[in-house]
Amino acid sequence: NPDNHYCREIHKSSKCLNICREADVSHFRLVKEKKAPITYACPFGFFTAIYPIFKNEDVIGKCIFRIYPFSDFGVPKKK
């Protein structure tokens with residue numbers, strides 16, 4: 001996710017970027033096969049949920065949710 005500082009840093013390594021992409025692709029396939037939402041921890045520890053989007057009974061897309069540390073969203077840290 002390019003909007004997340006942690007992911008941007010991880011993806012600077014082509015090896016780590018490939019690990020992320022491979023994990024995403026394999027989980028996207030699983031969602032399409034199961035036709036059901038799945039949850040998992042990404043290879044670098046973030047909680048991820050993928051929900052399929054249907055048209056009739058075909059999976060035509062997906063909605064992805066990831067949980068990141070608050071500091072990545074500009075939430076002020078406690079002093």
Give the table of side-chain donor-acceptor pairs shorter than 3.5 Å for residues 47-61, with sequence neighbours excluded, one pair per line with atom names and distance.
{"unit_1": "Thr48", "atom_1": "OG1", "unit_2": "Phe46", "atom_2": "O", "d": "3.4"}
{"unit_1": "Thr48", "atom_1": "OG1", "unit_2": "Arg66", "atom_2": "NE", "d": "3.3"}

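To the nearest 0.5 Å, atoms CG (Leu30) and NZ (Lys32) are separated by 13.0 Å. Going from atom CG of Leu17 over to atom NZ of Lys15 covers 13.0 Å, rounded to the nearest 0.5 Å.
Contacts of Ala36 classified as side chain to side chain contact (heavy atoms under 4.5 Å, CB included), with partners at least two apart in sequence or in another chain: Lys34.
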